**Q** 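Got a structure for you, questions after.
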Amino acid sequence: MKPKKSPQQNPQADLFRAELQNMINPTHSLVKLSEVVNWDQLNQTFGESFNSEKGRPAISTRLMIALHYFKYTFDLSDEDVLHGWVENPYWQYFSGMKYFEHKLPIHPTSMTKWRNRIGEAGAEELLKQTIEAGLKLKAIKTTQLKRVNVDTTVMEKDIRFPTDARLYDRARDRLVKEAKKRKINLRQNYNRLAKRLVLKQSRYAHARQMKRARNCTKKLKTYLGRVIRDIERKCSVIDGDLSALLATSKKIHKQQRHDKNKVYSVHEPDVDCISKGKAHKRYEFGTKVSVATTSRGGWFVGALAFHNNPYDGHTLEETLEQVTKLTKSPDHVFVDRGYRGHDYTGEASVHVDKVRRGKTSNSLWRWMKRRSAVEPSIGHLKQEHRMDRNRLKGVVGDQINAILSAAGMNFRKLMKFIRGVLLLFWAMIVIQAGMPSRQPA
């Protein structure tokens, strides 16, 4: 059924419980933000994905939105954000609670199910709401949306570093477990032998005895091939999950060192190997993400995940389409030299960075030099907002994680802006009253 209404919309009072609004500071940044967010619009948007007649009432939309904002703002897991919610009355007030709650509101798995339900479009709606809230608070000026900086980065997947020996053993182990679930009697599962071989291979490689290490890897590959052929012989009807796992295992078994579109993880076969030319990290295994920020202010107005490692210039068209959908079409777009030969054909002027000013006017040159301001913003996304190691599953998980990371960054900036405005307002009152202002300790 449709989601429940937030408890704050219930006019019924409780004689023995104090309301949250009487316990908290009404000038707190989260209280002010709760008054700016358009909850009715969000309830209507997300309520369309629920059936109005079947099942029990779904969890409150406002609660789920608030939990995801806190998760990506403060870099918390699903379990940690729920335990923090129980301890923080301001989090509970922002999520629509009327009274202070002492128990977990939901099970952590409900957040995963809700993310899968809203998908990429729902995540974009959460990012759009942070931009609209910034415009209402006048933290974001409409003139700032005319100029944006666009750049790409790598969002690494939460997988271990791939090696052939581990991939062969992992694929064989997964196939054996799936065969056991389907009661397929294998000729041999190689569990004991493969475990010893993986240990030997790593020890030989560490000792630089590469010939012996290669022999161990070759034998693990042989074991994988035998299990694949044994399952295909004995399983007359192969279901979808087993078929996908067999296809991934066959690709791992056949791929060579210099092949393209290789598989680097059994449970995440869509991971790409990306080289950005970093001295400290030659290769990164994950997804390329294109982000767009305002040239002045550093507000995120777009974040999009791209698979199969496309050329940076070929991501600009889709990125600016998302920016237009979330805000409006920018007048000027500033990119680095990796975007030479881009695919954008819209009305916005794309300015590719260059070494010397030449015939470029001084005013435009100053904006072009501000393109590098997107770099520290990307660093904040990775260090503080869960883009460093993506733990969400699949292609949809990559898209959702990239967008919600940008939404969490905007949410933190909104909270900081409100705190700054309140401090300025208090300082003006102190000056007008002629009172000696106390310096913070």
Side-chain angles (χ1 to χ4, degrees), residues 1-6 33-34 37-82 85 91 94-96 104-133 155 157 270 287 289-291 300-307 318-319 321-327 381 385-387 390-411 414:
M1 295 178 66
K2 295 292 184 180
K4 300 177 183 177
K5 295 182 179 180
S6 60
L33 265 179
S34 66
V37 177
N38 192 343
W39 297 112
D40 293 335
Q41 178 185 345
L42 291 172
N43 286 328
Q44 182 179 359
T45 301
F46 293 115
E48 295 175 355
S49 59
F50 293 88
N51 193 305
S52 58
E53 297 178 357
K54 297 181 180 179
R56 67 176 184 179
I59 301 169
S60 168
T61 300
R62 179 169 176 176
L63 172 63
M64 299 304 296
I65 291 173
L67 289 174
H68 280 85
Y69 276 144
F70 297 143
K71 172 185 173 69
Y72 282 90
T73 301
F74 302 106
D75 190 12
L76 301 171
S77 64
D78 291 344
E79 293 81 3
D80 290 340
V81 74
L82 287 171
W85 184 91
W91 287 18
F94 183 84
S95 58
L104 296 181
I106 57 173
H107 193 271
T109 56
S110 298
M111 296 184 66
T112 303
K113 296 173 183 177
W114 192 79
R115 281 194 299 267
N116 293 334
R117 179 183 287 272
I118 66 172
E120 181 184 5
E124 287 181 345
E125 189 65 30
L126 296 183
L127 176 58
K128 182 179 180 181
Q129 194 59 230
T130 61
I131 300 171
E132 292 180 354
M155 180 174 62
K157 203 76 170 181
D270 297 306
T287 309
V289 174
S290 176
V291 297
F300 279 88
V301 292
L304 209 56
F306 293 90
H307 289 84
E318 293 186 43
T319 302
E321 285 180 2
Q322 186 192 46
V323 173
T324 304
K325 180 168 60 175
L326 296 181
T327 56
L381 281 186
H385 302 286
R386 303 188 69 78
M387 193 182 275
N390 178 23
R391 296 165 178 83
L392 304 188
K393 184 174 177 58
V395 175
V396 178
D398 294 334
Q399 297 166 345
I400 293 175
N401 193 75
I403 298 171
L404 290 182
S405 295
M409 177 75 172
N410 283 353
F411 197 86
L414 287 172

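All of these numbers come straight from a predicted model, not from anything done at the bench.
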**Q** Do M387 and M409 have side chains that get closer than 4.5 Å, going by heavy atoms?
**A**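 Sidechains of M409 and M387: no contact.
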
**Q** So which atom in R62 and which in S34 form the shortest heavy-atom distance, rounded to 0.1 Å?
**A**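 What the structure gives for the nearest pair is NH2-CB, 3.7 Å.
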
**Q** Could you give the distance from CG (L404) to CD (E120), rounded to the nearest 0.5 Å?
**A**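 Between atom CG of L404 and atom CD of E120 there are 10.5 Å.
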
**Q** Under the criterion side-chain contact (heavy atoms from CB on, under 4.5 Å), I'd like the reasoning laid out for F306 against T319: C-alpha separation, chi angles, the key distance, then a yes or no.
**A** CA-CA 10 Å; F306 293 90; T319 302; 4.0 Å; yes

**Q** Given side chains that start at C-beta, do those of F300 and T130 come closer than 4.5 Å, heavy atoms only?
**A**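 No. Closest side-chain heavy atoms not under 4.5 Å.
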
**Q** What's the spacing between I59 CD1 and H107 NE2 if we round to 0.5 Å?
**A**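 With rounding to 0.5 Å, CD1 (I59) is 11.0 Å from NE2 (H107).
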
**Q** Looking at K4, I'd like to know if its NZ atom is crowded, meaning that more than 12 non-hydrogen atoms belonging to other residues, nucleotides or ligands lie closer than 6.0 Å.
**A**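 Open.
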
**Q** Restricting to non-hydrogen atoms, name the atom on P108 and the atom on E79 that form the minimum distance, rounded to 0.1 Å.
**A**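 Minimum heavy-atom contact is CG-CG, 3.9 Å.
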
**Q** Give a yes or no answer on whether the side chain of N43 reaches the backbone of T61 with a donor-acceptor pair at less than 3.5 Å.
**A**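 No, because the side chain of N43 does not come within donor-acceptor range (under 3.5 Å) of the backbone of T61.
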
**Q** Minimum heavy-atom separation for G96 to S6, with atom names?
**A**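 So the minimum-distance heavy-atom pair works out to O-CB, 3.7 Å.
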
**Q** To the nearest 0.5 Å, what is the distance between CG on L63 and CE on M111?
**A**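 Output value for this atom pair is 8.5 Å.
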
**Q** Show, in sequence, the C-alpha distance, side-chain angles and deciding distance for W39 and F94, and conclude whether the ring pair (Phe, Tyr, Trp, His ring centres under 6.0 Å) test is met.
**A** CA-CA 11 Å; W39 297 112; F94 183 84; 5.3 Å; yes

**Q** How close do G47 and P3 get, heavy atom to heavy atom, and via which atoms?
**A**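 G47 and P3 have their closest heavy atoms at CA-CD, 4.4 Å.
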
**Q** Using side-chain heavy atoms (C-beta onward) and a distance below 4.5 Å, is K157 in contact with D398?
**A**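 The answer is yes, as the side chains (C-beta and beyond) meet within the 4.5 Å cut-off.
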
**Q** Nearest 0.5 Å, please: how far is CG in L76 from CH2 in W85?
**A**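 Here the rounded value is 15.0 Å.
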
**Q** Using the benzene-type ring in the case of Trp, are the ring centres of W91 and F70 under 6.0 Å apart?
**A**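 For W91 and F70, the ring centres are under 6.0 Å apart.
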
**Q** Taking everything shown except Q44 itself, do over 12 heavy atoms lie less than 6.0 Å from its CD?
**A**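 No - once you tally the heavy atoms of other residues, nucleotides and ligands closer than 6.0 Å, there are 12 at most.
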
**Q** Backbone N or O of H385 within a donor-acceptor pair of the S405 side chain at under 3.5 Å?
**A**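 Checked: pair present.
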
**Q** Please examine the side chains of E125 and F46, heavy atoms only from C-beta on, and report whether any two atoms are closer than 4.5 Å.
**A**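 Side-chain contact under 4.5 Å: yes.
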
**Q** Q399 versus T287: any side-chain heavy-atom pair under 4.5 Å?
**A**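 Side-chain contact under 4.5 Å: no.
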
**Q** Side chains of I106 and L67: does their closest heavy-atom pair fall under 4.5 Å?
**A**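 Counting from C-beta outward, I106 and L67 do come under 4.5 Å.
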
**Q** So, applying side-chain contact (heavy atoms from CB on, under 4.5 Å) with L326, which one of I403, V301, L127 is it?
**A**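 Single pass found, and it is L127.
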
**Q** Under a 4.5 Å cut-off applied to non-hydrogen side-chain atoms, are M64 and R117 in contact?
**A**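 No, too far: nothing below the 4.5 Å cut-off.
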
**Q** Looking at Y72 and F411, would you say the former's side chain and the latter's main chain have a donor-acceptor pair under 3.5 Å?
**A**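 Not confirmed, Y72 side chain does not pair with F411 backbone.
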
**Q** Looking at CG of N410 and CD of E132, how far apart are the two atoms once the value is rounded to the nearest 0.5 Å?
**A**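 Reported to 0.5 Å precision, the distance equals 12.0 Å.
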
**Q** Which pair of non-hydrogen atoms, one from D78 and one from K71, has the smallest distance, and what is that distance?
**A**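 Nearest pair, atom of D78 first, then K71: OD1-NZ, 2.9 Å.
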
**Q** Just verifying a value: how many Å separate K128 NZ and L42 CG, rounded to the nearest 0.5 Å?
**A**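 One finds 10.5 Å between NZ of K128 and CG of L42.
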
